[in-house]
Amino acid sequence: MSNHDRNKKALLELLKRPVNSHCADCRAPDPEWASYKLGVFVCLNCSGIHRSLYSRVKSIKLDFWEDELVEFMKSNGNASARALYEKAVPVYYYRPQENDCAVLRDQWIRAKYERMEFKGETKYPPISYTTGFYEGLLWKKGKENSQFLKRKFVLSEREFTLTYYNKENESKGPKAVISIKDLNTTFQPEKIGHPHGLQITYQEDNHTRNLYVYHESPEEIVTWFNAIRAARYAYLKTAYPTGSDEELVPKITRNYLKEGYMEKTGPLQKESFKRRWFILDSQNRKLLYFKGQLDAEELGVIFIGTESKGYSVKEGVPKHARGNKWKCGVTVETPQRQFLFMCEQEREQREWLDALRQVLSRPMAPQDYTIEANIKYKR
């Protein structure tokens with residue numbers, strides 16, 4: 001056996017260890033690359049970020065590995081790196097997964113290995129998202145138009161608020177003071193049209209409101225994201241003092257289960273079908289719809305309960321439905337009425353059916369009944 005083959009076999013054996021069988025950074029399965037500067041096994045996407053950090057990266061299967069590099073990988077590995085570089089990751093800090101957007105994965109890797117934020121050493125000045133207060137300028141989309149303008153935002157963990165001002169001059173007071181209580185934030189680069197695009201969603205007067213923002217700096221926008229998560233975590237610890245981190249961390253922020261356009265008709269099912277942008281918020285069991293994908297306020301909301309409570313979803317629509325351009329139907333039944341939707345493609349139809357059934361199959365929690373009652377009251 002040649003030296004090349006022997007070393008390749010040794011590396012492949014290292015990958016069979018459970019600690020090395022997933023990417024050290026995004027947890028993608030079966031990594032085929034490695035940083036021989038850090039001693040970690042990573043996926044193809046994360047290897048590109050490591051290469052941009054001037055970290056030495058090789059393919060396990062395609063590149064030649066010298067004996068000393070193989071020995072270095074044997075003496076290190078993902079578990080050792082995690083113990084060193086992830087020693088003190090705050091519980092609220094978002095650890096990206098393989099399907100998360102590029103800016104989250106990029107900044108997670110840079111925070112670990114370049115800025116070394118999580119080694120447990122005292123930082124001065126302290127890292128911004130750990131201080132409980134953060135302020136700065138973000139580009140914000142106008143409510144009535146697509147123009148983005150710079151606006152000042154102020155986050156206060158002590159007051160559990162996110163405040164923003166329409167002008168940089170604060171003397172006229174804030175445009176909005178948003179409670180952290182029902183706030184969610186999620187990266188939406190494709191929808192917003194910027195790689196650092198962030199959607200902030202909150203409740204106001206029993207309606208769902210959206211803000212769309214970005215910052216030119218990837219580090220700055222991810223700092224905002226984690227500062228908001230820190231404030232949300234502090235709120236949840238106050239609101240649910242007996243809740244464990246295992247229970248509370250998934251509630252800090254969330255990605256939406258499914259988004260996209262469908263056609264919708266009215267309650268009489270005789271009205272013409274109109275194209276609407278839908279968001280399925282599985283945590284709150286809400287199917288929200290908007291006129292467009294960057295609208296500031298929802299047109300309506302449908303609660304998705306359980307089958308035992310009179311809710312259901314099925315493929316197709318009644319034969320009497322008229323006026324639809326798209327042909328792939330989805331029917332949602334609630335105790336109050338029947339909703340008819342049309343998807344453009346069968347793939348979209350299947351994805352909506354699967355996502356809605358996923359929510360239907362989950363038992364309702366006590367807070368879900370409150371959400372259901374508020375939606376009924378709003379109607």
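In what follows, every heavy atom counts, from backbone to side chain, and hydrogens, waters and symmetry copies are set aside. Note that the structure is a prediction, hence the values are computed from the model and not measured.
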Task: Non-hydrogen side-chain atoms of Y202 and T208 separated by less than 4.5 Å - done: no

Task: Basic-acidic side-chain contact under 4.0 Å: E259, K191 - done: yes

- [ ] Run through the side-chain heavy atoms of Ile, Leu, Val, Met, Phe, Trp and Tyr, join any pair under 4.5 Å, and report what else lands in Y212's cluster.
- [x] W139, F148, I192, Y214, L294

Open item on the list: Counting C-beta onward and ignoring hydrogens, is there a side-chain heavy-atom pair between Y85 and Y113 closer than 4.5 Å?
Closed with: yes

- [ ] Please check if atom CZ in R56 has more than 12 non-hydrogen atoms from other residues, nucleotides or ligands closer than 6.0 Å.
- [x] no

Task: Basic-acidic side-chain contact under 4.0 Å: K9, E13 - done: no

Task: Side chains of L155 and F133 in contact at under 4.5 Å (non-hydrogen atoms) - done: no

Task: Axial cation check for W352 ring with K258, 6.0 Å and 45° limits - done: yes

Task: Value rounded to 0.5 Å, distance of CE in M73 from CG in N78 - done: 7.5 Å

- [ ] Could you state whether Y92 and V89 fall into the same hydrophobic cluster, counting links through intermediate Ile, Leu, Val, Met, Phe, Trp or Tyr residues with side-chain heavy atoms under 4.5 angstrom apart?
- [x] yes

Open item on the list: Do the side chains of E372 and K309 get close enough for a salt bridge, i.e. N-O under 4.0 angstrom?
Closed with: no

TODO: Taking the side chain as every heavy atom from C-beta outward, state whether T253 and T186 have any atom pair closer than 4.5 Å.
DONE: no

Task: H50 and I109, any side-chain heavy atoms less than 4.5 Å apart - done: yes

Task: Pairing of K152 and E135 as salt bridge, 4.0 angstrom limit - done: yes

TODO: Measure the CG-OH distance between N226 and Y129 for me, rounded to the nearest 0.5 Å.
DONE: 6.5 Å

Open item on the list: If hydrophobic clusters are built from ILVMFWY residues whose side chains come within less than 4.5 Å, do L15 and L38 share one?
Closed with: no

Task: Q199 (side chain) donor-acceptor with L211 (main chain) under 3.5 angstrom - done: no

Open item on the list: Can you confirm if the aromatic rings of W108 and F118 lie within a centre distance of less than 6.0 Å?
Closed with: yes

Open item on the list: Could you check whether N206 and N374, counting side-chain N and O atoms only, form a donor-acceptor pair closer than 3.5 Å?
Closed with: no

TODO: With V103 as reference, evaluate H196, H194, E219 under the side-chain contact (heavy atoms from CB on, under 4.5 Å) test and give the passing residue.
DONE: H196

TODO: Using only heavy-atom distances, determine whether the side chains of Q188 and Q293 contain a donor-acceptor pair under 3.5 Å.
DONE: no

TODO: Run the salt-bridge test on R110 and D106 with the 4.0 Å N-O cut-off and return the result as yes or no.
DONE: yes

- [ ] Taking side chain to side chain donor-acceptor pair (under 3.5 Å) as the test, write out the residues that go with E315, two or more places apart.
- [x] none

Task: Sidechain N-carboxylate O distance under 4.0 Å for K112, D25 - done: yes

Task: Within 45° cone and under 6.0 Å: R151 NZ/CZ vs F153 ring - done: no

Open item on the list: Looking at every non-hydrogen atom in both residues, tell me the closest pair between A10 and V70 and how far apart they are.
Closed with: CB-CG1, 4.0 Å

Task: Sequence-distant partners of E263, side chain to side chain donor-acceptor pair (under 3.5 Å), two or more places apart - done: none

Task: Sequence-distant partners of N284, side chain to side chain donor-acceptor pair (under 3.5 Å), two or more places apart - done: D281

TODO: Would you indicate whether the side-chain heavy atoms of V42 and S35 approach each other to under 4.5 Å?
DONE: no

- [ ] Using a 4.5 Å cut-off on heavy atoms from C-beta on, say whether the side chain of Q349 contacts that of W326.
- [x] no

Task: Set of side chain to side chain donor-acceptor pair (under 3.5 Å) partners for E68, sequence neighbours left out - done: none

Open item on the list: Could you tell me if the side chain of Y94 sits less than 4.5 Å from the side chain of D100, heavy atoms only?
Closed with: yes

Open item on the list: Distance alone, cut at 3.5 Å: any donor-acceptor contact between the side chains of Q107 and R115?
Closed with: yes

- [ ] Mind jotting down which residue pairs meet the ring pair (Phe, Tyr, Trp, His ring centres under 6.0 Å) criterion with at least one end in residues 246-265? Sequence neighbours excluded, please.
- [x] Y261-W277

Task: Shortest non-hydrogen contact from F290 toward N210 - done: CE2-ND2, 3.3 Å

